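In what follows, a single structure is set out as structure tokens and then discussed.
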Amino acid sequence: MSISENVQQVRQNMKQAYEKTDQKKQVQLIGVTKSVSSEVAAELLAAGITALGENRPEGLTDKQTVLGREACEWHFIGTLQTRKVRQVIDRIDVLHSLDRLHLAEEINKRAKQPVDCFVQVNVSGEESKQGIDPEDVHSFLHEVGQYPMVRVIGLMTMAPLTEDEQVLRSVFRSLRVLRDEVATRQLPHAPCTELSMGMSSDYQIAIEEGATYVRIGTTLVQS
Ligand SMILES: *Cc1c(COP(=O)(O)O)cnc(C)c1O
């Protein structure tokens with residue numbers, strides 16, 4: 001299938017999953033281009049994708065040099081090293097991987113305007129996964145309040161690598177419950193209305209469980 005056929009197929013699957021929910025908010029599709037060229041990224045934009053995701057500063061810079069900063073929304077989805085904040089922070093619209101206070105502090109120091117961030121949560125508790133423990137999210141958000149350049153728009157997680165649908169659902173559901181708890185508190189610096197969850201292998205399940213952003217690479221770019 002061509003890239004534009006992939007995009008159509010994914011949008012159709014997203015719609016089907018969305019229709020099973022009672023959610024009013026539309027789900028945003030982020031095309032993850034970390035493993036493809038700028039040419040393929042350009043094809044995604046031509047096929048109607050309006051947000052691209054990269055997980056390394058170099059990938060982000062390379063794509064932007066070719067496509068232009070204004071070509072789309074730019075989402076940073078990988079672990080961001082503190083020393084790379086300066087390089088990327090004015091080049092991105094959304095950060096999906098806020099996972100430590102020191103990173104918030106550095107963003108606060110370097111950003112020229114408030115940055116929309118997702119707090120990354122390690123719901124599954126796997127040692128290999130980045131993210132804050134679910135039980136530490138409330139205190140973390142409290143601390144982040146001291147950094148006016150950081151605006152927490154939601155929570156993000158990566159599901160474990162499993163095909164066990166019940167495990168996936170329970171991870172996504174836990175993140176949603178946590179998001180709802182935070183949103184109820186109506187923190188001025190953390191409206192926390194969004195949920196970034198779901199990738200190629202599990203995005204339909206994530207949407208059924210309330211995702212408002214899905215990050216999809218492989219399925220969109222395969223030929
Ligand atoms: C690579 C990546 C994705 C996309 O994964 P696919 O399986 O290719 O869809 C989503 N989120 C993050 C954080 C990633 O690193």
Side-chain angles (χ1 to χ4, degrees), residues 1-56 59-60 62-64 66-68 70-78 92-97 116 118 120 123-124 129 153-173 175-176 179 193-223:
M1 288 210 291
S2 69
I3 296 260
S4 78
E5 283 168 330
N6 293 343
V7 172
Q8 267 180 22
Q9 182 67 59
V10 166
R11 288 221 186 270
Q12 196 177 322
N13 294 343
M14 286 175 64
K15 184 160 177 279
Q16 262 174 23
Y18 176 77
E19 281 167 357
K20 293 186 193 165
T21 69
D22 51 12
Q23 185 167 309
K24 288 182 197 70
K25 190 173 285 179
Q26 288 296 316
V27 184
Q28 305 295 316
L29 170 57
I30 302 165
V32 174
T33 48
K34 67 186 183 200
S35 58
V36 296
S37 65
S38 299
E39 288 68 36
V40 174
E43 284 186 57
L44 285 172
L45 297 183
I49 297 288
T50 57
L52 296 182
E54 281 285 331
N55 70 342
R56 287 171 52 248
L60 177 76
D62 289 354
K63 302 269 182 349
Q64 274 187 9
V66 176
L67 303 171
E70 305 302 326
C72 62
E73 267 183 28
W74 297 92
H75 293 243
F76 197 88
I77 60 172
I92 64 175
D93 300 292
V94 185
L95 175 72
H96 288 248
S97 50
D116 285 347
F118 284 90
Q120 184 168 353
V123 179
S124 60
K129 287 242 157 43
I153 62 168
L155 303 181
M156 177 273 213
T157 200
M158 296 195 39
L161 262 182
T162 174
E163 285 173 12
D164 186 333
E165 194 179 315
Q166 290 317 312
V167 172
L168 294 170
R169 281 194 195 279
S170 95
V171 165
F172 293 144
R173 213 167 282 171
L175 194 70
R176 181 188 179 151
R179 190 275 316 262
T193 51
E194 310 300 324
L195 273 179
S196 170
M197 55 190 200
M199 318 191 341
S200 290
S201 55
D202 55 22
Y203 69 95
Q204 286 143 295
I205 298 172
I207 291 171
E208 286 173 24
E209 298 297 340
T212 63
Y213 285 80
V214 290
R215 313 175 307 266
I216 303 182
T218 316
T219 297
L220 284 178
V221 299
Q222 72 198 353
S223 47

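Hydrogens, waters and symmetry mates are skipped; everything else that's a heavy atom, side chains included, is used. Here the structure is a predicted model, which means the values were calculated and not measured.
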Mind checking what makes side chain to side chain contact (heavy atoms under 4.5 Å, CB included) contact with Gln64, not counting sequence neighbours?
-> Leu60, Arg69, Trp74, Arg91

Do [X] and [Y] touch side chain to side chain, with heavy atoms closer than 4.5 Å?
X: Glu194; Y: Lys25; result: yes
X: Val171; Y: Thr157; result: yes
X: Lys63; Y: Glu54; result: yes
X: Met156; Y: Tyr213; result: no
X: Asp116; Y: Asp93; result: no
X: Tyr203; Y: Val10; result: yes
X: Lys129; Y: Met158; result: yes
X: Val94; Y: Phe118; result: yes

[atom1] of [X] to [atom2] of [Y]: how many Å apart, nearest 0.5 Å?
X: Ser97; Y: Asn55; atom1: OG; atom2: CG; value: 9.0 Å
X: Leu168; Y: Met197; atom1: CG; atom2: CE; value: 11.0 Å
X: Leu155; Y: Leu175; atom1: CG; atom2: CG; value: 5.0 Å
X: Arg173; Y: Arg176; atom1: CZ; atom2: CZ; value: 9.5 Å
X: Ile216; Y: Leu220; atom1: CD1; atom2: CG; value: 5.5 Å
X: Glu163; Y: Asp202; atom1: CD; atom2: CG; value: 10.5 Å

Would you sort out whether Gln120 and Ile77 count as a side-chain contact (heavy atoms from CB on, under 4.5 Å), showing the intermediate values?
-> CA-CA 10 Å; Gln120 184 168 353; Ile77 60 172; over 6 Å; no

Step by step, work out the side-chain contact (heavy atoms from CB on, under 4.5 Å) result for Arg215 and His75.
-> CA-CA 9 Å; Arg215 313 175 307 266; His75 293 243; over 6 Å; no

Just grab all the side chain to side chain donor-acceptor pair (under 3.5 Å) pairs involving residues 37-52, residues at least two apart or on different chains.
-> Ser37-Glu39

Test side-chain contact (heavy atoms from CB on, under 4.5 Å) on Lys15 and Gln12 and set out the steps.
-> CA-CA 5 Å; Lys15 184 160 177 279; Gln12 196 177 322; 5.7 Å; no

Do you know which two heavy atoms are closest between [X] and [Y], and how far apart they sit?
X: Gly198; Y: Ala206; answer: CA-CB, 3.5 Å
X: Ile3; Y: Val40; answer: CD1-CG1, 3.7 Å
X: Tyr18; Y: Gln26; answer: OH-NE2, 3.5 Å

Side chain of Ser200, backbone of Thr219: donor and acceptor closer than 3.5 Å?
-> yes

Give a yes or no answer on whether the side chain of Glu5 reaches the backbone of Ser2 with a donor-acceptor pair at less than 3.5 Å.
-> yes

Residue set satisfying salt bridge (Lys or Arg N to Asp or Glu O under 4.0 Å) with Lys24, at least two apart, ordered chain then number -> none

Worked check of side-chain contact (heavy atoms from CB on, under 4.5 Å) between Leu29 and Met14 | CA-CA 9 Å; Leu29 170 57; Met14 286 175 64; 4.0 Å; yes

Only residue of Leu52, Asp62, Leu44, Thr33 satisfying side chain to side chain contact (heavy atoms under 4.5 Å, CB included) with Leu67 is Leu52

Does Glu209 come within less than 4.0 Å of Arg169, counting only side-chain N to carboxylate O?
->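 A salt bridge links Glu209 with Arg169.
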
